[in-house]
Novice: 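First the structure, then my questions, so here it is.
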Number of protein chains: 2
Amino acid sequence: MALDEIDKKILRLLQEDAHYTLKDIANKINLSLTPVHDRVKRLEKDGIIEKYVTLLDKKKLGNNLTVYCQVTLTKQTYDTSEGFNQSILNLPEVVECNYVSGNFDYMLKIIIPDMESYHHFHQKKLSILPEVSLINTVFVISEVKSTTVLPI
Amino acid sequence: MALDEIDKKILRLLQEDAHYTLKDIANKINLSLTPVHDRVKRLEKDGIIEKYVTLLDKKKLGNNLTVYCQVTLTKQTYDTSEGFNQSILNLPEVVECNYVSGNFDYMLKIIIPDMESYHHFHQKKLSILPEVSLINTVFVISEVKSTTVLPI
DNA sequence: CTCAAAACAGAATATTTTTCTGTAAAAATA
DNA sequence: TATTTTTACAGAAAAATATTCTGTTTTGAG
């Protein structure tokens with residue numbers, strides 16, 4: 001499962017654009033179609049390549065507000081955590097949720113149309129959860145960087 | 001540029017899997033190839049579809065540590081912000097950077113191999129920036145949710 | 001109503017992916 | 001060292017997919 005330099009070049013290209021054709025990639029790294037095809041299939045099979053997705057413009061879809069929620073739970077028990085996790089998975093506005101160290105328990109990232117939607121989300125969907133004790137909201141004023149590209 | 005229900009269905013499918021074929025999509029929404037093709041092209045042209053990317057398994061690539069950095073700048077001026085922004089764009093470990101409201105100025109998300117790498121990043125790449133005054137690190141203990149899918 | 005534009009279906013074409021065949025290099029085994 | 005096996009690759013054929021073309025139906029504006 002060790003990656004050689006050719007694998008890495010393929011991964012770098014595919015991270016940028018999942019619609020590069022095998023021929024595109026083959027040309028860029030000076031190989032024929034066969035090894036490129038075989039390597040991509042292997043990377044998929046090994047799970048290095050997780051999936052191919054389409055990224056949409058959140059603002060053009062009307063989502064003009066991004067916020068981080070720092071959530072503290074009522075208790076630190078396993079059941080409390082699991083209950084909270086399950087609820088979060090069903091909330092489509094929550095695009096990231098991580099259990100973290102520090103002065104609070106969870107860091108969430110929320111993408112939502114506007115402040116009114118956030119008010120509703122906060123009051124009717126998040127603070128309403130029985131496991132939630134405290135929510136501290138950090139509003140995003142301006143996005144500087146957002147990438148799915150991992151350094152390879 | 002208004003999206004009808006068919007556009008939304010297409011976008012929902014493509015967000016899930018950028019490798020669905022036009023036929024796949026056409027079948028799922030009971031249309032022929034032509035309208036699906038035309039609509040996808042239009043959504044690309046209008047920028048609703050931003051790009052197609054490949055998501056990789058960060059752990060299999062050796063990135064076992066995720067952290068949030070809460071950064072405070074030395075000054076709140078435009079030049080200071082811009083200088084910091086530019087520096088961040090050149091740091092591949094930083095996958096998210098947002099200017100935020102609250103007790104600190106920026107929220108960063110860092111994906112990195114391990115604690116030693118983070119130590120190096122913190123000391124040699126981040127705290128070294130002339131605009132940076134304070135860094136508070138929040139370590140991710142466990143990832144609950146991480147998606148590129150926006151609610152439509 | 002009438003006309004123009006938009007949305008769609010089906011077929012033809014072009015491109016891409018996948019499979020197949022074979023060769024050369026590298027690694028493993030005797 | 002010689003032999004075998006495996007791996008990586010090239011090129012071509014086949015299959016699948018995307019793109020283009022032609023024409024019909026529907027929709028909306030005047």
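Lettering follows sequence order; numbering is per chain, from 1. Heavy atoms only: backbone and side chains are in, while hydrogens, waters and symmetry mates are out.
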Novice: Assigning hydrophobic clusters by single linkage (Ile, Leu, Val, Met, Phe, Trp, Tyr; side-chain heavy-atom cutoff under 4.5 Å), is B:L11 placed with B:L22?
Specialist: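 Shared cluster, yes.
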Novice: Looking at side-chain heavy atoms only, is the closest gap between A:C69 and A:I110 below 4.5 Å?
Specialist: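 SC-SC contact between A:C69 and A:I110 confirmed.
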Novice: In chain order, what residues pass the side-chain hydrogen bond (donor to acceptor under 3.5 Å, both in side chains) check against B:E96, with sequence neighbours excluded?
Specialist: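 If we apply the side-chain hydrogen bond (donor to acceptor under 3.5 Å, both in side chains) test to B:E96, skipping adjacent residues, the hits are A:Y68, A:K109.
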Novice: Tell me if a side-chain donor or acceptor on B:Q70 pairs with a main-chain N or O of B:V138 at a distance below 3.5 Å.
Specialist: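 Such a contact is absent between B:Q70 side chain and B:V138 backbone.
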Novice: Which stems, defined as runs of 3 or more consecutive Watson-Crick or G-U wobble pairs with both pairing distances under 3.5 Å, involve DNA chain C?
Specialist: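 Expected stems, ordered by start: C:1-30 with D:1-30.
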Novice: List in numerical order all residues of residues 16-27 of chain B for which some heavy atom is under 4.0 Å away from an atom belonging to DNA chain C.
Specialist: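 Contacting residues: none.
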Novice: Test B:Y106 against B:V100 for side chain to side chain contact (heavy atoms under 4.5 Å, CB included), laying out the working first.
Specialist: CA-CA 5 Å; B:Y106 284 87; B:V100 299; 5.7 Å; no
Novice: For DNA chain D, which residues in residues 41-53 of chain A have a heavy atom at a distance below 4.0 Å?
Specialist: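 The answer is none.
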Novice: What are the two closest non-hydrogen atoms of A:K8 and A:I152, and how far apart are they?
Specialist: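 Taking every non-hydrogen atom into account, CG-CG2, 3.6 Å.
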Novice: Filter on side chain to side chain donor-acceptor pair (under 3.5 Å), then keep only pairs touching residues 143-152 of chain B, sequence neighbours left out; what's left?
Specialist: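 Every pair satisfying side chain to side chain donor-acceptor pair (under 3.5 Å) with a residue in residues 143-152 of chain B: B:K58-B:E143.
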Novice: Per the side-chain hydrogen bond (donor to acceptor under 3.5 Å, both in side chains) rule, which among B:T74, B:D79, B:T80 passes with B:T77?
Specialist: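 The passing option is B:T80.
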Novice: Considering non-hydrogen atoms only, spot the tightest contact between A:P151 and B:N63 and give its length.
Specialist: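 For A:P151 and B:N63, the tightest heavy-atom pair comes out as O-OD1, 4.3 Å.
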Novice: When you compare the side chains of B:Y118 and B:T137, does any donor N or O come within less than 3.5 Å of an acceptor on the partner?
Specialist: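 Yes, a side-chain donor-acceptor pair sits under 3.5 Å.
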Novice: Any idea which heavy atoms bring A:L73 and A:D105 closest together, and the distance?
Specialist: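 In this case the closest contact between A:L73 and A:D105 is N-OD2, 2.8 Å.
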Novice: List, with names and distances, any nitrogen or oxygen atoms from the protein found under 3.5 Å away from nitrogen or oxygen atoms belonging to nucleotides 9-11 of chain D.
Specialist:
from: D:dC9; atom 1: OP2; to: A:R39; atom 2: NE; distance (Å): 3.1
from: D:dC9; atom 1: OP2; to: A:R39; atom 2: NH2; distance (Å): 3.1
from: D:dA10; atom 1: OP2; to: A:S32; atom 2: N; distance (Å): 2.6
from: D:dA10; atom 1: OP2; to: A:S32; atom 2: OG; distance (Å): 2.6
from: D:dA10; atom 1: O5'; to: A:S32; atom 2: OG; distance (Å): 3.4
from: D:dA10; atom 1: N7; to: A:T34; atom 2: OG1; distance (Å): 3.2
from: D:dG11; atom 1: O6; to: A:T34; atom 2: OG1; distance (Å): 2.7

Novice: Between B:H37 and D:dT19, does any side-chain N or O lie under 4.0 Å from OP1 or OP2?
Specialist: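 So the side chain of B:H37 is within the cut-off, an N or O lying under 4.0 Å from OP1 or OP2 of D:dT19.
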Novice: Given side chain to side chain contact (heavy atoms under 4.5 Å, CB included), test A:V94 with A:L126 step by step and report yes or no.
Specialist: CA-CA 10 Å; A:V94 180; A:L126 195 56; 5.9 Å; no
